[in-house]
Amino acid sequence: MRRAADLASYLEDSREAYIVCRESCAFHTANLFGVIAWGRPGIDEARQIVEARVAELRDPEPHAVVLDYRLVEVIDPDAFKMLAEFVTHNRETLAKVTSRAALVPPSEPFAAATVAGFYKVVQSPYPSQLCDTLEDAEAWLGMPTVTPVLQLHELAAAGRPTTTALVQVLEKQPALGVDDAARALGLTGRTLQRRLQSEGTTFVLESRKATVRRAKHLLQTTDDKIADIARAVGCASAQHFTELFRLEAGVPPATWRANTRKRA
């Protein structure tokens with residue numbers, strides 16, 4: 001299976017190809033399309049998943065779909081909403097081209113409960129089933145699923161080792177600067193920046209994502225004031241925190257908290 005250079009290349013010809021994003025991978029082999037997600041995919045990752053799934057809409061042949069979310073740790077409400085909107089807005093086309101879909105939920109209990117409720121929020125336009133394992137998904141879809149998914153797991157991890165390692169460091173300490181984060185990885189700041197660039201990202205981007213992920217968790221699970229949350233995630237001021245959060249999430253933190261609790 002070949003790795004597409006970018007999204008445009010994948011959409012132009014997705015056959016026997018895959019594309020790797022930061023915390024997800026989309027692929028197309030034979031009559032199977034798939035999405036693999038891991039970690040804590042946010043709104044940007046959901047947008048990339050949706051854009052890659054456009055390849056499914058362009059394929060005239062009936063095909064199956066596997067969504068492997070076993071390694072997802074946290075479900076971002078905004079990301080969940082975007083994925084739901086993709087299915088809703090493309091219901092008619094998806095119903096025509098999708099023979100069956102298998103959804104393998106996360107192993108993390110709370111994330112699994114959210115994923116399990118997906119088709120309660122969105123009426124499935126095609127026959128779909130929650131599957132506990134990849135083997136169950138293969139049996140439901142009636143075509144080889146385990147081998148291509150496991151192969152893509154290895155290819156995706158191999159393609160972004162520095163980013164993967166940095167994300168793990170920033171999950172524990174989102175306020176780390178580039179030099180401290182580099183030291184934690186046994187690198188110099190310059191080497192870290194260079195390796196991240198080769199993997200299609202930057203330290204600033206990964207640091208911002210980690211800060212906002214931590215902030216979203218606090219906004220959702222506590223009643224702390226915005227200024228207190230800003231300090232907790234390492235921002236110098238509430239104003240700086242609000243600007244950073246808006247840049248990543250599209251809305252100020254107070255609005256995000258209100259919207260999330262309203263949906264809940």
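Please read these numbers as outputs of a predicted model, since none were measured by experiment.
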Is the count of non-hydrogen atoms from other residues, nucleotides or ligands lying under 6.0 Å from E85 atom CD greater than 12?
yes
When you measure from the side chain of S237 to the backbone N and O of H240, does any donor-acceptor pair fall under 3.5 Å?
yes
Find out whether E248 and L244 are in side-chain contact, i.e. whether some heavy atom of one side chain is under 4.5 Å from a heavy atom of the other.
no
Quick test of your reading of the model: are R231 and D224 salt-bridged, counting only N-O distances below 4.0 Å?
no
For the residue pair R2 and R15, what are the closest heavy atoms and their distance?
NH2-O, 3.6 Å
Pairwise side-chain contact, D59 with V97, heavy-atom cut-off 4.5 Å (strictly under)
no
Is it true that the side chains of S24 and E45 contain a donor and an acceptor less than 3.5 Å apart?
yes
Taking C-beta and beyond as the side chain, do V104 and Y69 meet within less than 4.5 Å on heavy atoms?
no
Starting at CD1 of I36, measure out to CG of L150 and round the result to the nearest 0.5 Å.
8.5 Å
For atom CZ of R195, decide whether the heavy atoms of other residues, nucleotides or ligands shown that lie under 6.0 angstrom number more than 12.
no
Membership question, hydrophobic clusters at under 4.5 Å side-chain separation (ILVMFWY): are L141 and M1 in the same one?
yes
How close do V20 and R3 get, counting heavy atoms only, and between which atoms?
CB-NH2, 3.7 Å
Look at the side-chain heavy atoms of Ile, Leu, Val, Met, Phe, Trp and Tyr, link any pair under 4.5 Å apart, and say whether V167 and L205 land in one connected group.
no
Give a yes or no answer on whether the side chain of T88 reaches the backbone of A84 with a donor-acceptor pair at less than 3.5 Å.
yes
For the pair E92 and K96, find out whether any cationic side-chain nitrogen is under 4.0 Å from an anionic carboxylate oxygen.
yes
Which atom pair, heavy atoms only, marks the closest approach of P148 to F27?
CB-CE1, 4.4 Å
For F118, what residues pass the ring-ring contact (aromatic ring centres under 6.0 Å, His included) criterion, not counting sequence neighbours?
F80
What distance separates T191 OG1 from L196 CG, expressed to the nearest 0.5 Å?
10.5 Å
Side-chain contact test, heavy atoms from C-beta onward, threshold under 4.5 Å: evaluate it for H89 versus L94 and give yes or no.
no
Would you check, one step at a time, whether the test salt bridge (Lys or Arg N to Asp or Glu O under 4.0 Å) holds for D228 with K225?
CA-CA 5 Å; D228 293 334; K225 295 180 179 180; over 6 Å; no
Before you tell me yes or no, could you show the steps for Q193 and V178 under side-chain contact (heavy atoms from CB on, under 4.5 Å), namely the whole-Å CA-CA distance, both residues' side-chain angles and the distance that decides it to 0.1 Å?
CA-CA 8 Å; Q193 295 277 34; V178 61; 3.9 Å; yes
For D68 and W38, test the side chains for any donor-to-acceptor distance below 3.5 angstrom and give the result as yes or no.
no
One thing to verify: whether E243 and R246 come together as a salt bridge, which I'm taking to mean a side-chain N less than 4.0 angstrom from a carboxylate O.
no
So, D6 and S9: side-chain donor and acceptor under 3.5 Å apart, yes or no?
yes
Roughly how far apart are K209 NZ and L166 CG, rounded to 0.5 Å?
12.5 Å
Measuring from atom SG of C25 to atom CD of E23, what distance do you get when rounded to the nearest 0.5 angstrom?
13.0 Å
Compare all side-chain heavy atoms of H63 with those of E56 and state whether any distance is below 4.5 angstrom.
yes
For the residue pair R183 and T188, establish whether any side-chain heavy-atom pair is separated by less than 4.5 Å.
no
Find out whether L71 and P106 are in side-chain contact, i.e. whether some heavy atom of one side chain is under 4.5 Å from a heavy atom of the other.
no
Donor-acceptor under 3.5 Å (E138 side chain, P144 main chain):
no
Results of side-chain contact (heavy atoms from CB on, under 4.5 Å) for P127 - residues two or more places apart only:
R100, W140
Could you tell me which non-hydrogen atom of A181 sits nearest to which non-hydrogen atom of L176, and how far apart they are?
CA-CD1, 4.1 Å
If you apply the rule side-chain contact (heavy atoms from CB on, under 4.5 Å), what do you find for R47 with M82, and how did you get there?
CA-CA 7 Å; R47 185 176 296 109; M82 178 169 287; 3.7 Å; yes
For L11 and A52, work out which heavy atoms get closest and say how close.
CD2-O, 3.9 Å
Are the side chain of R208 and the backbone N or O of F245 linked by a donor-acceptor pair below 3.5 Å?
no
Quick one: are P62 and T98 in side-chain contact, heavy atoms under 4.5 Å?
no
Supply the atom-to-atom distance R70 CZ to D132 CG, rounded to the nearest 0.5 angstrom.
12.0 Å
Value rounded to 0.5 Å, distance of CG in L170 from OG1 in T163
10.5 Å
Can a donor-acceptor pair be found, under 3.5 Å and without considering hydrogens, that links the side chain of T242 to the backbone of A238?
yes
Check the hydrophobic clustering (I, L, V, M, F, W, Y; side-chain heavy atoms under 4.5 Å; chains of links allowed) and say if V115 and V50 are grouped together.
yes
NZ/NE/NH1/NH2 to OD/OE distance under 4.0 Å, D76 and K81:
no
Is atom CD of Q197 surrounded by more than 12 heavy atoms (other residues, nucleotides or ligands) closer than 6.0 Å?
no
Go through the steps to decide whether I229 and K216 satisfy the test side-chain contact (heavy atoms from CB on, under 4.5 Å), and finish with yes or no.
CA-CA 9 Å; I229 291 177; K216 284 182 175 180; over 6 Å; no
S207 side chain to F203 main-chain N or O, any donor-acceptor pair under 3.5 Å?
no
Please find the pair of heavy atoms, one from Q220 and one from P77, that lie closest to each other, and give the distance.
NE2-CG, 3.7 Å
Derivation and outcome, side-chain contact (heavy atoms from CB on, under 4.5 Å), residues R214 and E171:
CA-CA 8 Å; R214 176 59 178 161; E171 284 299 323; over 6 Å; no
Same apolar cluster (I L V M F W Y, side chains within < 4.5 Å links), L103/F86:
yes
In this structure, would V204 and L185 fall into the same cluster of hydrophobic residues linked by side-chain contacts under 4.5 Å?
no
Keeping the roles fixed (side chain from T145, backbone from M143), state whether a donor-acceptor pair exists under 3.5 Å.
yes
